[in-house]
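Okay, structure first, notes after.
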Amino acid sequence: MIRRTVNFPSLRKLLLRPSYLSSSKIGAYNGYASQPSPLPIPDPTYSDDDEYANVDWDSLGFGLMPTDFMYVTKCSAGQNFGHGQLNRYGNIELSPSAGVLNYGQGLFEGTKAYRKENGQLLLFRPEENAIRMKIGAERMCMTAPSIDQFVDALKQTALANKRWVPPPGKGSLYLRPLLLGSGPVLGLAPAPEYTFLIYASPVRNYFKEGSAPLNLYVEEDFDRASQRGTGSVKTISNYAPVLMAQNRAKSRGFSDVLYLDSNSKKNLEEVSSCNIFIAKGKTISTPAISGTILSGITRKSVIEIGSDLGYQVEERVVAVDELTEADEVFCTGTAVGVAPVGSITYQNKR
């Protein structure tokens, strides 16, 4: 029986401190700082007087709620993205032979804007998302926006949709950047044109359980990723393959699926859309980034916060058998935040 309740309120609170809701350590881009360049919002119907959209914030879940504006810009392969523009949210036009439709040449990111008590907005470490998209674009042979362009586009999108940012404590505005191979291509090759866009939706809890502990199922029949594949980048082609295992688990009453490594089937990797941690005493452990696991930004933040709080934080191979000895288990991700795990079922044992 593995039934644990996470008790890390300090992690959840610290994740919302201004020091983590802004520029911080940037890995290989350490020392980089974005330069804000606010641009006017080209729509006469927008007004700062529209403080809040007409939304029942208390019943907000994690579903698409279209907002007012989306950001769009395009460029040819090998060129640089220019200034984009804010358009009314709506459908986009793609060629039937677009690279993203035929060969899955696409990436996405996810981040959030939060409203402070004084009405100002905060973004959660947006430079990290920009860097991750650039790394993913290199792997997928795509042209990516610069870090400055990426962050500035996020700021524009958040400000243009400010009335959709929930009140403090009621949720956040989820921002979804997309990089698409939008140019037409017939033979297998990189697309000749790329589209970078961002849309937004107000959200609250990702899982239907809300803040209640999750019930995970350890998947052994399907793999999420394999060595030397694309599991470490946020390509769109990594996500549809998990739907069968996820649907099967949810039909049996589980919250989500926990995947093992594809080689030995003995070690933890990640949940369908988030990273996983185990805690025992003053030690917090999480599977090391080894080419098959996404380098989560919330994961990185929890590692840094855990160290700041005096925990020994380990990034290493974590055997599935260690779950039976763990004091606590929790998941992290932009969408899920820090989510407690209450039970894990492995080989028909809970």
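None of the values given here were measured: they were computed from a predicted structure. The first residue of the sequence shown is numbered 1, and numbering continues consecutively from there.
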Evaluate Thr292 against Asp261 for side chain to side chain contact (heavy atoms under 4.5 Å, CB included), listing each step before the verdict.
CA-CA 8 Å; Thr292 57; Asp261 72 291; over 6 Å; no
Evaluate the criterion side chain to side chain contact (heavy atoms under 4.5 Å, CB included) for residue pair Glu109 and Lys234; output intermediate values, then yes/no.
CA-CA 7 Å; Glu109 280 294 329; Lys234 207 166 176 67; 4.0 Å; yes
Show your working on salt bridge (Lys or Arg N to Asp or Glu O under 4.0 Å) between Glu51 and Arg115 and close with a plain yes or no.
CA-CA 11 Å; Glu51 184 176 0; Arg115 188 187 294 269; 5.3 Å; no
Would you check, one step at a time, whether the test side chain to side chain contact (heavy atoms under 4.5 Å, CB included) holds for Tyr239 with Ser272?
CA-CA 8 Å; Tyr239 290 84; Ser272 301; over 6 Å; no
From CA spacing to verdict: side chain to side chain contact (heavy atoms under 4.5 Å, CB included), Val257, Val271:
CA-CA 6 Å; Val257 173; Val271 182; 5.8 Å; no
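Between Thr235 and Arg139 the shortest side-chain heavy-atom distance does not fall below 4.5 Å. Asp152 has its side chain within reach of Gln156: a pair of non-hydrogen atoms, C-beta onward, lies under 4.5 Å apart. Counting heavy atoms from C-beta outward, Asp256 and Leu214 have side chains that stay 4.5 Å or more apart. Counting heavy atoms from C-beta outward, Leu178 and Tyr199 have side chains that approach closer than 4.5 Å. Phe124 is not listed as a side-chain neighbour of Thr334, based on a closest heavy-atom distance of 4.5 Å or more. Side-chain contact between Pro202 and Trp57: present, with at least one pair of heavy atoms (C-beta onward) separated by less than 4.5 Å. In this structure the side chain of Val329 never reaches within 4.5 angstrom of the side chain of Leu216, judged on heavy atoms. Side-chain contact check for Ile92 versus Leu180: some heavy-atom pair is nearer than 4.5 Å.
Here the side chain of Lys116 pairs no donor or acceptor atom with the backbone of Leu122 at under 3.5 angstrom. With Lys162 contributing its side chain and Gly119 its backbone, the two residues share a donor-acceptor pair below 3.5 Å. Here the side chain of Thr195 pairs no donor or acceptor atom with the backbone of Val72 at under 3.5 angstrom. Panel note: side chain Gln105, backbone Cys141; a donor-acceptor pair is recorded below 3.5 Å. Not a single donor-acceptor pair under 3.5 Å links the side chain of Asn102 to the backbone N or O of Gly187. Formation of a donor-acceptor pair under 3.5 Å by the Arg204 side chain with backbone atoms of Ser172 is not found in this model. Looking at Thr157, its side chain never comes within 3.5 Å of a backbone N or O of Met70 through a donor-acceptor pair. The backbone N or O of Glu193 lies less than 3.5 Å from no partner atom in the side chain of Ser76, so there is not a single donor-acceptor pair. Without hydrogens or angle criteria, Tyr71 side chain to Gly84 main chain gives a donor-acceptor distance under 3.5 Å. The backbone N or O of Gly253 lies less than 3.5 Å from no partner atom in the side chain of Asn215, so there is not a single donor-acceptor pair.
The closest side-chain donor-acceptor pair between Asn80 and Ser146, if any, does not fall under 3.5 angstrom. Side chains of Asn161 and Thr67: a donor on one and an acceptor on the other come within 3.5 Å.
Listed by chain and number, the residues in a side chain to side chain donor-acceptor pair (under 3.5 Å) with Thr143 amount to none (sequence neighbours excluded). Scanning for salt bridge (charged side-chain N to carboxylate O under 4.0 Å, His left out) contacts around Arg316 gives Glu314, Glu322, with sequence neighbours left out.
Under the 4.5 Å side-chain heavy-atom criterion for Ile, Leu, Val, Met, Phe, Trp and Tyr, Tyr206 and Leu64 are members of distinct hydrophobic clusters. If you chain together hydrophobic residues whose side chains sit under 4.5 Å apart, Val165 and Val55 fall into the same group. Cluster annotation: Met65 and Leu175 are assigned to the same hydrophobic cluster (Ile/Leu/Val/Met/Phe/Trp/Tyr, side-chain heavy-atom contacts under 4.5 Å, transitive). No single ILVMFWY cluster, assembled from side-chain heavy atoms under 4.5 Å apart, contains both Tyr259 and Leu294. Follow the hydrophobic side-chain contacts under 4.5 Å out from Val341 and you reach Phe62 in the same cluster.
Nearest heavy-atom pair, Gly171 versus Pro166, reported as atom, atom and distance to 0.1 Å: C-CG, 3.7 Å. Val318 approaches Pro287 most closely through the heavy-atom pair CG2-N, 3.8 Å. Residue Ser262 comes nearest to Ser226 through the heavy atom pair OG-CA, 3.6 Å, listed as atom of the first residue, atom of the second, then distance. Summarising the geometry of Ala113 relative to Leu123, their closest heavy-atom pair is CB-CD2, 3.8 Å, with the distance given to 0.1 Å.
A cation-pi arrangement is present between Lys282 and Tyr311, with the terminal nitrogen or guanidinium carbon under 6.0 Å from the aromatic centre and inside a 45° cone about the axis. A cation-pi arrangement, defined by a distance under 6.0 Å to the six-membered ring centre and an angle within 45 degrees of its axis, is present between Arg88 and Phe69.
A salt bridge links Arg224 with Glu270: at least one charged nitrogen is closer than 4.0 Å to a carboxylate oxygen. One finds no salt bridge joining Asp321 and Lys266 here, because no Lys/Arg side-chain nitrogen approaches an Asp/Glu carboxylate oxygen to under 4.0 Å. Taking a cutoff of 4.0 Å between a charged side-chain nitrogen and a carboxylate oxygen, Glu219 and Arg248 qualify as a salt bridge.
Checked against the 6.0 Å centroid threshold, Phe196 and Phe150 count as a close aromatic pair.
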